[in-house]
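One structure is given below, encoded as structure tokens.
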Protein chains: 2
Amino acid sequence: MDSSIKKERPRGRLSREMIEDAAFEVIEREGLAGFSMRKLAADLGCEAMSIYHHFPSQAHLHEALVDRLIGSLEMPDAGLPWRQRMHIAMHDFRRIGREHPAFAPFLVTYRMNSPTCLTWLSDILGLFEAGGFGPELSARLFRTVGYYLMGAILDETAGYAKGPSAATTVSDEQLARDFPNVAAAGRYFGAAEFDRTFDLGLDMLLDEMERALGGANSR
Amino acid sequence: MDSSIKKERPRGRLSREMIEDAAFEVIEREGLAGFSMRKLAADLGCEAMSIYHHFPSQAHLHEALVDRLIGSLEMPDAGLPWRQRMHIAMHDFRRIGREHPAFAPFLVTYRMNSPTCLTWLSDILGLFEAGGFGPELSARLFRTVGYYLMGAILDETAGYAKGPSAATTVSDEQLARDFPNVAAAGRYFGAAEFDRTFDLGLDMLLDEMERALGGANSR
DNA sequence: AAAATGAACCTTACAGTGTAAGTTGTCAAG
DNA sequence: CTTGACAACTTACACTGTAAGGTTCATTTT
């Protein structure tokens with residue numbers, strides 16, 4: 001058996017899909033800032049520059065990862081009520097963020113303009129419009145839930161994105177003494193409460209949207 | 001007028017405040033990713049390593065910038081009604097983000113745990129509690145508006161944070177043809193609509209919170 | 001005045017980064 | 001077998017954060 005250190009991998013066996021798969025792994029293992037083309041290459045058993053044959057730059061690779069994630073999303077069953085469909089779509093997006101916590105900051109910061117992403121965006125806008133909102137309100141409400149979603153994903157994945165704060169941190173004792181209400185709130189800030197907290201805010205927004213719809217209809 | 005490239009600057013004239021001021025400038029000029037200790041030093045007229053006498057690392061410096069911004073926030077007048085105070089506090093935070101658009105991604109991603117930041121966080125939590133919410137709901141509603149705020153700031157400053165997308169972009173014609181509803185929504189996604197859109201979502205959340213309060217009181 | 005102290009700043013060096021440019025290896029078509 | 005095309009590798013460059021150690025200068029002590 002061949003015993004070279006690098007995995008035996010004949011030429012011509014590198015593909016975009018393989019590279020993307022490995023990139024997700026390296027990012028989650030090393031963190032987004034710790035990711036590099038050389039580490040990715042080491043994972044793939046090739047040299048860094050070989051990757052450039054498939055992606056013209058690291059930025060292109062990162063954007064391809066976004067495309068992969070967004071492209072994997074499916075719109076909820078059109079037979080369901082509007083509110084339920086919106087609820088599902090929001091949870092779907094949140095899920096792909098949480099499944100790739102180290103990549104999540106890039107995902108939510110990225111300004112979508114690829115066909116794949118625009119399709120998703122268009123579908124979500126269409127969901128609002130199908131719910132009875134006009135073009136303007138659909139756009140603004142999309143932003144509203146989008147903002148909420150972005151912030152939630154960032155918070156819920158923040159523990160993975162960067163290590164502990166470098167600068168002065170406040171000890172638990174000092175926190176309990178000087179900021180008792182923050183210490184008390186900490187109980188509801190933990191990962192165990194993410195689902196409940198997320199749904200609270202999401203339902204508040206959806207409640208208010210339905211109210212706006214009902215008000216317009218009954219008027 | 002003196003035209004030396006580096007500012008004349010006798011020893012002992014470097015201070016944390018000066019460095020922070022220059023760092024804000026360099027970050028806004030070069031972008032967060034384009035920022036470096038050497039560029040900062042060039043701006044200050046010193047060598048890169050001199051900065052390490054005042055900040056032990058770049059991360060410490062960045063966190064000091066967050067502290068500066070958060071520390072500059074003042075709580076709204078306690079005599080005002082609860083809802084108005086919350087509205088002002090949210091707009092204040094949004095303002096410091098928008099005043100430093102390139103730095104905003106770090107600001108909103110940063111997990112606050114310095115005394116300065118904890119003081120602000122405690123004050124906001126106190127604002128909910130003063131409004132009549134118990135500890136648990138105060139914590140969860142803080143998260144809710146916090147998520148919304150983070151997302152809004154990220155979106156509103158995204159144009160400054162990074163250059164145009166590196167990968168395939170969809171042309172305006174293609175957008176109008178293949179994604180007409182997205183193209184139509186673009187009208188409401190521009191900077192001119194930021195204020196109106198932000199207030200729409202914020203007011204929805206505050207409406208819903210007041211409703212929760214009223215419901216609890218009238219029950 | 002002279003010497004000592006210590007902070008403030010600079011110089012050098014290293015391991016790491018993205019990626020441009022040029023080179024090599026491999027396989028398929030002629 | 002030769003030729004071509006292309007995938008992968010090698011080298012090189014300009015840049016990064018920062019560790020280690022050297023230099024300069026204001027202040028304090030003698």
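By convention in this document, chain letters (A, B, ...) are assigned in the order of the sequence lines, proteins followed by strands, and residues within each chain are numbered from 1.
Here the CD1-CZ distance, from B/Ile153 to B/Arg98, works out to 9.5 Å after rounding to the nearest 0.5 Å. Taking OG1 of A/Thr144 as the start and CZ of A/Phe142 as the end, the distance is 10.5 Å to the nearest 0.5 Å.
Here the P atom of nucleotide C/dT19 and the CZ atom of A/Phe55 are 13 Å apart, to the nearest Å. Between B/Leu44 atom CG and C/dA8 atom C1' the separation is 14 Å, expressed in whole Å. B/His60 has its NE2 atom 14 Å from the C1' atom of D/dG17, to the nearest Å. Protein atom CE of B/Met18 is 13 Å distant from nucleotide atom P of C/dA8, rounded to whole Å. One interatomic measurement links the two molecules: CG of B/Leu14 to C1' of C/dA8, which rounds to 9 Å at whole-angstrom precision. If you take CG of A/Leu61 and C1' of C/dT19, they are 14 Å apart, rounded to a whole angstrom. Put simply, CD1 on A/Ile51 is 13 Å from C1' on C/dT17, counting in whole angstrom units. Atom-to-atom, CD of A/Glu30 to C1' of C/dG16 comes out at 13 Å; the value is rounded to the nearest Å.
One finds no side-chain N or O of B/Ser50 lying less than 4.0 angstrom from the OP1 or OP2 phosphate oxygen of C/dA8. At least one side-chain nitrogen or oxygen of A/His53 sits closer than 4.0 Å to the OP1 or OP2 atom of D/dA7.
The side chain of A/Ser57 lies closest to C/dT19 when the candidates are D/dT18, C/dT19, D/dA8. Listed nucleotides: D/dA8, C/dT11, C/dC9. Nearest to the side chain of B/His54: C/dC9. The B/Tyr52 side chain lies nearest to D/dG17 when the options are D/dA8, D/dG17, C/dC10.
Between A/Phe198 and A/Tyr148, the distance from one ring center to the other falls under 6.0 angstrom.
Salt bridge status for B/Asp77 with B/Arg85: absent, with no side-chain N to carboxylate O gap under 4.0 Å. Salt bridge present: A/Arg94 and A/Glu156 bring a charged side-chain N and a carboxylate O closer than 4.0 Å.
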- prompt: ring pair (Phe, Tyr, Trp, His ring centres under 6.0 Å) between A/Phe35 and A/His62: does it pass, once the steps are laid out?
  reply: CA-CA 11 Å; A/Phe35 173 86; A/His62 280 154; 5.2 Å; yes

- prompt: In the 5'-to-3' direction, what one-character label does each nucleotide of nucleotides 11-16 of chain D receive under the scheme B = base within less than 4.0 Å of a protein heavy atom, S = sugar-phosphate only, - = no such atom?
  reply: BB---B

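Residue A/Glu74 qualifies as open at atom CD: its count of foreign heavy atoms under 6.0 Å is 12 or below.
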